[in-house]
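Note sheet for the following structure.
Lettering of chains follows the sequences in order, A, B, ..., and the numbering in each one begins at 1. The shown structure was predicted, so the numbers you read here are calculated from the model rather than taken from an experiment.
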There are 2 protein chains.
Amino acid sequence: MTPMVSGIALAEIAALIGDVARANILSALMDGRALTASELAWHGGVSASTASGHLAKLCEANLIALERQGRHRYYRLASAEVAQAIEALMTVVSFAPKRHRPVGPRDEALRRARTCYDHLAGRLGIAVTDALTSRGHVLLSESAGSLTGEGQRFLCTIGVEVEAERKGQRALCRTCLDWSERRPHLAGHLGSALCTRFFELGWTERIRDSRALAITTEGQKGLKEAFGIELP
Amino acid sequence: MTPMVSGIALAEIAALIGDVARANILSALMDGRALTASELAWHGGVSASTASGHLAKLCEANLIALERQGRHRYYRLASAEVAQAIEALMTVVSFAPKRHRPVGPRDEALRRARTCYDHLAGRLGIAVTDALTSRGHVLLSESAGSLTGEGQRFLCTIGVEVEAERKGQRALCRTCLDWSERRPHLAGHLGSALCTRFFELGWTERIRDSRALAITTEGQKGLKEAFGIELP
DNA sequence: GGAACGCTTCGGCCGGGGCCGAAGCGTTCC
DNA sequence: GGAACGCTTCGGCCCCGGCCGAAGCGTTCC
């Protein structure tokens with residue numbers, strides 16, 4: 001018998017992520033937005049021509065997807081599964097011996113609040129999750145959860161409208177392991193809706209060239225009033 | 001501002017998995033057992049000296065752990081998180097353009113029944129999950145679930161004893177995305193207990209040098225009687 | 001004690017793949 | 001139409017890292 005053939009395919013995908021430039025590119029796309037080739041070249045720390053090669057490879061393997069728009073080419077992660085795989089790897093990273101742990105202001109900003117694909121993560125994500133569960137708005141059983149009627153009414157008051165029962169399509173309430181806090185935070189449709197609403201309310205703002213989020217003054221106020229959250 | 005530093009750590013871990021020999025070694029360890037360096041060299045398709053180098057790297061990054069025993073050295077996956085990350089990558093692999101999809105007898109055996117770290121996967125894993133949920137023994141809400149009282153009594157009849165309430169420690173009932181079936185199957189403590197019990201009952205047997213499982217004649221009978229499962 | 005065994009370390013070979021700049025192609029702007 | 005822009009393709013350089021066999025070290029067996 002010959003060794004597992006499936007290891008070859010596994011190695012191929014992992015090797016694609018296992019290059020510093022490509023890993024940086026994928027990290028930059030982890031917030032779910034689509035970026036242009038030049039922006040990604042910058043994130044990868046390589047020239048435009050080199051980045052172009054990387055993007056072609058990632059596209060061919062269906063890790064990222066391309067959308068043409070005029071003379072720009074926008075790339076985004078191909079699916080939530082890709083984001084999930086990268087997030088899982090990040091978790092393993094945090095178990096690895098601490099060598100490349102900058103813990104500078106950049107890293108601290110990420111740990112405080114960031115987007116994870118399309119939902120909130122970091123201490124902010126955890127705080128919101130905790131607030132909703134401790135009040136009985138969300139029931140977290142193991143690695144997933146459900147929204148209570150009371151929770152649904154509460155969310156309405158801050159302008160988040162979700163039906164508690166959603167047949168088919170995307171899961172309403174999933175959880176995602178937070179690599180910096182090592183605890184689960186809210187993901188799924190609910191996580192996405194909350195994150196979107198926070199932006200609409202002007203509570204959070206993206207920090208330029210980063211997945212990190214800034215919490216605005218209104219955000220501080222709103223989070224305290226609606227959720228009882230005061231983030232140090 | 002400089003590009004994300006965390007991409008470096010991500011790339012390092014992914015690159016470790018992104019080598020064919022190492023990916024094969026990790027795949028071989030995915031069933032949760034510990035194997036010797038020579039066995040792993042064979043799985044990786046490389047010489048003992050080369051394998052030794054790979055194992056040292058994987059150890060240093062905390063992807064695998066070492067247990068000395070006499071003149072043997074047993075290696076196993078370092079944690080469930082590592083298994084989870086690899087499984088997530090496997091899922092992405094199944095989305096990738098089909099090039100390395102052998103679909104030979106080996107692959108078919110894996111798709112039929114296999115272990116995934118410490119629980120059942122493949123069509124068998126899905127069938128058991130479906131049987132338990134359709135009878136109301138397990139409630140699967142989104143990506144996790146809970147065991148009902150009735151489910152607990154049923155499991156007792158086949159000799160699986162679990163407390164429905166388990167505070168602290170490992171989650172009783174988690175789910176894990178099956179890369180071959182693309183649907184969630186039972187994982188967590190419950191998944192592990194079921195898998196163990198199937199071995200004890202002699203319903204399943206490991207196929208030599210593989211994560212694939214054989215379903216014995218008693219297994220066919222038991223699965224049909226207890227779960228109503230008939231696997232083609 | 002000696003032989004067999006399991007595994008690691010070392011030295012040297014070699015190839016794949018990442019990098020860049022120059023050039024080419026398509027789009028947009030005025 | 002021409003210039004600026006965004007991106008890709010091509011050619012050539014170079015280095016990282018995987019591979020092996022030989023040798024070394026520790027354990028086990030008799």
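Taking the nucleotide of DNA chain C with the nearest heavy atom to each of A:Gly70 and B:Gly53, the more 5' of the two is matched to B:Gly53.
Atom CD1 of A:Ile25 is separated from atom C1' of C:dG18 by 12 Å (rounded to the nearest Å). For the pair A:Arg73 CZ and C:dT27 P, the computed distance is 9 Å after rounding to whole Å. D:dT27 atom P lies 18 Å from atom CD of B:Glu67, rounded to whole Å. A:Asp19 has its CG atom 11 Å from the P atom of C:dG17, to the nearest Å. Atom CD in B:Glu60 sits about 14 Å away from atom P in C:dT8, given to the nearest Å. Note: CD1 (A:Ile17) to C1' (C:dG17) measures 18 Å, nearest angstrom. Atoms CG (A:Leu35) and C1' (D:dG6) sit 15 Å apart, rounded to a whole Å. Atom pair A:Leu16:CG and C:dG16:C1' shows a separation of 15 Å (rounding to whole Å applied).
You'll find that the side chain of B:His72 is closest to C:dG6, out of C:dC20, C:dG6, D:dC20. Here the nucleotide nearest the side chain of B:Tyr75, chosen from D:dC19, C:dT8, C:dC19, is C:dT8. Comparing C:dT8, C:dC20, D:dC20 by their closest approach to the side chain of A:Ser47 singles out C:dC20. Among the nucleotides C:dT8, C:dT27, D:dG18, the one closest to any side-chain atom of A:Arg71 is C:dT27.
B:Leu55 has its side chain out of reach of B:Arg73: every pair of non-hydrogen atoms, C-beta onward, lies at least 4.5 Å apart. Inter-residue side-chain proximity for B:Arg211 and B:Cys116 is flagged as met; some heavy-atom pair is nearer than 4.5 Å. Under the 4.5 Å side-chain criterion, counting only non-hydrogen atoms from C-beta, A:Leu40 is in contact with A:Leu29.
Figure legend. C:dC13 is base-paired to D:dG18; pairs are counted as Watson-Crick or G-U wobble with both atom distances under 3.5 Å. Remark: C:dC30 base-pairs with D:dG1. Criterion, Watson-Crick or G-U wobble with two distances under 3.5 Å. Both distances falling under 3.5 Å, in either a Watson-Crick or a G-U wobble arrangement, place C:dA23 opposite D:dT8.
Scanning atom types as modelled, one donor and one acceptor separated by under 3.5 angstrom connect the side chain of B:Ser49 and the base of D:dG21.
One finds a side-chain N or O of A:Ser52 lying less than 4.0 angstrom from the OP1 or OP2 phosphate oxygen of D:dT8. Side-chain nitrogen and oxygen atoms of B:Lys57 include at least one within less than 4.0 Å of the OP1 or OP2 phosphate oxygen of D:dG18. The shortest distance between the side-chain N/O atoms of B:His54 and the OP1/OP2 oxygens of D:dG17 is not below 4.0 Å.
Between the CG atom of B:Leu124 and the CZ atom of B:Phe198 there is a distance of 6.0 Å, given to the nearest 0.5 Å.
At a threshold of 4.0 angstrom between heavy atoms, the contacts of B:Ala37 are confined to the sugar-phosphate backbone, with no base atom among them. Within 4.0 Å of A:Arg68, counting heavy atoms only, lies no atom of the nucleic acid at all.
Taking 4.0 Å as the cut-off between side-chain N and carboxylate O, B:Arg123 and B:Glu108 count as a salt-bridged pair. A salt bridge links A:Glu200 with A:Arg197; the closest basic N to acidic carboxylate O contact falls under 4.0 Å.
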